[in-house]
Amino acid sequence: MTAPTRTSAYDQYADEYAADVATREQDDLVGDPFGILTPLLAQLGDVTGQDVLDAGCGEGYLSRILAARGARVTGVDLSPRLVELAGQKASPGPIEYRVGDLSVPHPEFEGHFNAVASFFVLNDVEDHRGFAETLARSLRPGGRAVLGFNNPYDYVMRKGHGSAYFTTGGAHPCGLSSVGVPVVFYHRTLPQYLDAFLDAGLCLTKIVDVDHPAMAARRASGEEIPLGEQLPRFMVLAFSKP
């Protein structure tokens, strides 16, 4: 694998990020503070005995969950330090971690995977079209790609920037700054994300809106939803490869 030319902003905050993830991981899916893992895994389906790419694996959170479900996992991330930390953690199944930029071609991955999963990575990718192309090429025919990420509509509305929705490609502060990880993410419209994967040859199979658990509980009880929280915070996109 060719060494990536891009760098990851997460690299210098890798230890702080890993510490935050560790607090989420203690209670498995029950402890997911975002409520996105369950719908993501539901769209991914049974991975027992399958080759699965964790695209943007970070310190291995999703990789370990997939391995526990019986997958043979390859985790790839742009941050060498996060990959190093991932390799230090015990795994319930086989995981191969690599440092790599999935926005550029990886011939060694082409047609290799039954499935690709990605957890809160798509918003962080500078070249989303290159990312979509690499993920699509990595899949075998009949394979699926499932990505959980921040709802493109929600952030601009929640922060009072709704009029800037169509001003895409700009970097915005990420909510992780509250735990000592002051990184940014890139804003793009939902059609831009969809077009990237469709143009890469994948077929859209599902869009799932995912409410923040706290807001979901308030909606369920009939409570008033605070201004800016009316839209679901997260989204899962599922694709298949013909």
Is it true that Leu231 and Met215 fall in one hydrophobic cluster, defined by side-chain heavy atoms closer than 4.5 Å?
-> no
Quick one: side chain to side chain contact (heavy atoms under 4.5 Å, CB included) partners of Ser103, sequence neighbours excluded?
-> Arg6, Asp101, Val125, Asp127, Phe131
Evaluate the ring planes of Phe197 and Phe239, with Trp represented by its six-membered ring, and classify them as parallel (under 30°), tilted (30 to 60°) or perpendicular (over 60°).
-> parallel
Between Ser63 and Gly75, which heavy-atom pair has the shortest distance, and what is it?
-> OG-CA, 4.1 Å
Under 4.5 Å between any side-chain heavy atoms of Pro242 and Cys203, yes or no?
-> yes
Pro107 backbone acceptor or donor facing Glu110 side chain under 3.5 Å | no
Please identify each residue that fulfils salt bridge (Lys or Arg N to Asp or Glu O under 4.0 Å) with Asp20, with sequence neighbours left out.
-> Arg24
What distance separates Leu237 CG from Leu122 CG, expressed to the nearest 0.5 Å?
-> 7.5 Å
Using salt bridge (Lys or Arg N to Asp or Glu O under 4.0 Å) as the criterion, list what pairs up with Glu16, not counting sequence neighbours.
-> none
Indicate the atoms forming the closest heavy-atom contact of Gly56 with Leu102, along with that distance.
-> N-CD1, 4.0 Å
Take Tyr186 and Asn123, measure what side chain to side chain contact (heavy atoms under 4.5 Å, CB included) needs, and give me the verdict at the end.
-> CA-CA 5 Å; Tyr186 299 94; Asn123 304 103; over 6 Å; no
Can you tell me how far the OG atom of Ser240 sits from the CD atom of Gln43, to the nearest 0.5 Å?
-> 11.5 Å
What pairs of donor and acceptor atoms, side-chain ones from residues 220-228 against any protein atom, are under 3.5 angstrom apart with sequence neighbours left out?
unit_1 : atom_1 : unit_2 : atom_2 : d
Ser221 : OG     : Ala217 : O      : 3.2
Ser221 : OG     : Arg218 : O      : 3.1
Ser221 : OG     : Glu223 : OE2    : 3.1

Please assess Leu78 against Thr7 for the test side chain to side chain contact (heavy atoms under 4.5 Å, CB included), listing each intermediate value before the final yes or no.
-> CA-CA 7 Å; Leu78 191 57; Thr7 59; 5.9 Å; no
Among all residues two or more places apart in sequence or in another chain, which pass the side chain to side chain contact (heavy atoms under 4.5 Å, CB included) test with Val83?
-> Asp77, Tyr97, Val99
Yes or no on side chain to side chain contact (heavy atoms under 4.5 Å, CB included) for Leu37 and Leu62, after CA distance, side-chain angles and deciding distance?
-> CA-CA 9 Å; Leu37 277 173; Leu62 180 59; 4.1 Å; yes
Residue pairs passing the ring pair (Phe, Tyr, Trp, His ring centres under 6.0 Å) test where at least one lies in residues 203-223, sequence neighbours excluded | none
Non-neighbouring partners of Arg81 that pass salt bridge (Lys or Arg N to Asp or Glu O under 4.0 Å), sequence neighbours left out | Asp15, Glu84
Heavy-atom side-chain contact between Leu139 and Leu135 under 4.5 Å | no
Lys241 (side chain) donor-acceptor with Gly201 (main chain) under 3.5 angstrom | no
Stepwise side chain to side chain contact (heavy atoms under 4.5 Å, CB included) check, Leu82 with Asp11 | CA-CA 7 Å; Leu82 283 176; Asp11 209 53; 5.7 Å; no
Student check: side-chain heavy atoms of Ile36 and Asp32 closer than 4.5 Å | yes
Would you list the atom pairs, donor with acceptor, under 3.5 Å between side chains in residues 85-92 and any protein atom, with sequence neighbours excluded?
unit_1 : atom_1 : unit_2 : atom_2 : d
Lys89  : NZ     : Glu59  : OE1    : 3.4
Ser91  : OG     : Gly93  : N      : 3.1
Ser91  : OG     : Gly93  : O      : 2.4

Which heavy atom in Leu44 sits nearest to a heavy atom in Ala115, and how many Å separate them?
-> CD1-CB, 3.9 Å
Would Val104 end up clustered with Val76 when hydrophobic side chains under 4.5 Å apart are linked, directly or stepwise?
-> no
Would you please name every residue forming a side chain to side chain contact (heavy atoms under 4.5 Å, CB included) with Pro152, sequence neighbours left out?
-> Phe149, Tyr165, Leu190, Tyr193, Met235
List in chain and number order the residues that pass side-chain hydrogen bond (donor to acceptor under 3.5 Å, both in side chains) with His128, two or more places apart in sequence or in another chain; answer none if no residue qualifies.
-> Arg188
Under the side chain to side chain contact (heavy atoms under 4.5 Å, CB included) test, residues paired with Asp51 that sit two or more places apart | Arg72, His112, Phe113, Asn114, Arg140
When rounded to the nearest 0.5 angstrom, what is the spacing between CD in Glu96 and CG in Asp54?
-> 13.0 Å
Any donor-acceptor pair under 3.5 Å linking the side chain of Asn151 with the backbone of Pro232?
-> yes
Quick one: NE2 on His106 to CG on Leu53, what's the gap to the nearest 0.5 Å?
-> 9.5 Å
With Arg129 via salt bridge (Lys or Arg N to Asp or Glu O under 4.0 Å) - residues at least two apart = Asp199
So, for Val52 and Leu66, which heavy atoms are closest and what is the spacing to 0.1 Å?
-> CG1-CD1, 3.8 Å
What are the two closest heavy atoms between Gly35 and Val210, and how far apart are they?
-> O-CG1, 3.3 Å
Side-chain touch Pro191/Leu194, heavy atoms, less than 4.5 angstrom | no
Give the intermediate values and the outcome of salt bridge (Lys or Arg N to Asp or Glu O under 4.0 Å) for residues Asp211 and Arg219.
-> CA-CA 10 Å; Asp211 221 352; Arg219 290 184 212 277; 2.4 Å; yes
Approximate separation, where rounding is to 0.5 Å, of Thr189 OG1 and Phe166 CZ = 7.0 Å
Below 4.5 Å, heavy atoms only, C-beta onward: do Pro94 and Val73 meet side chain to side chain?
-> no
For Gly148 and Leu40 the tightest heavy-atom approach is N-CD1, 3.7 Å
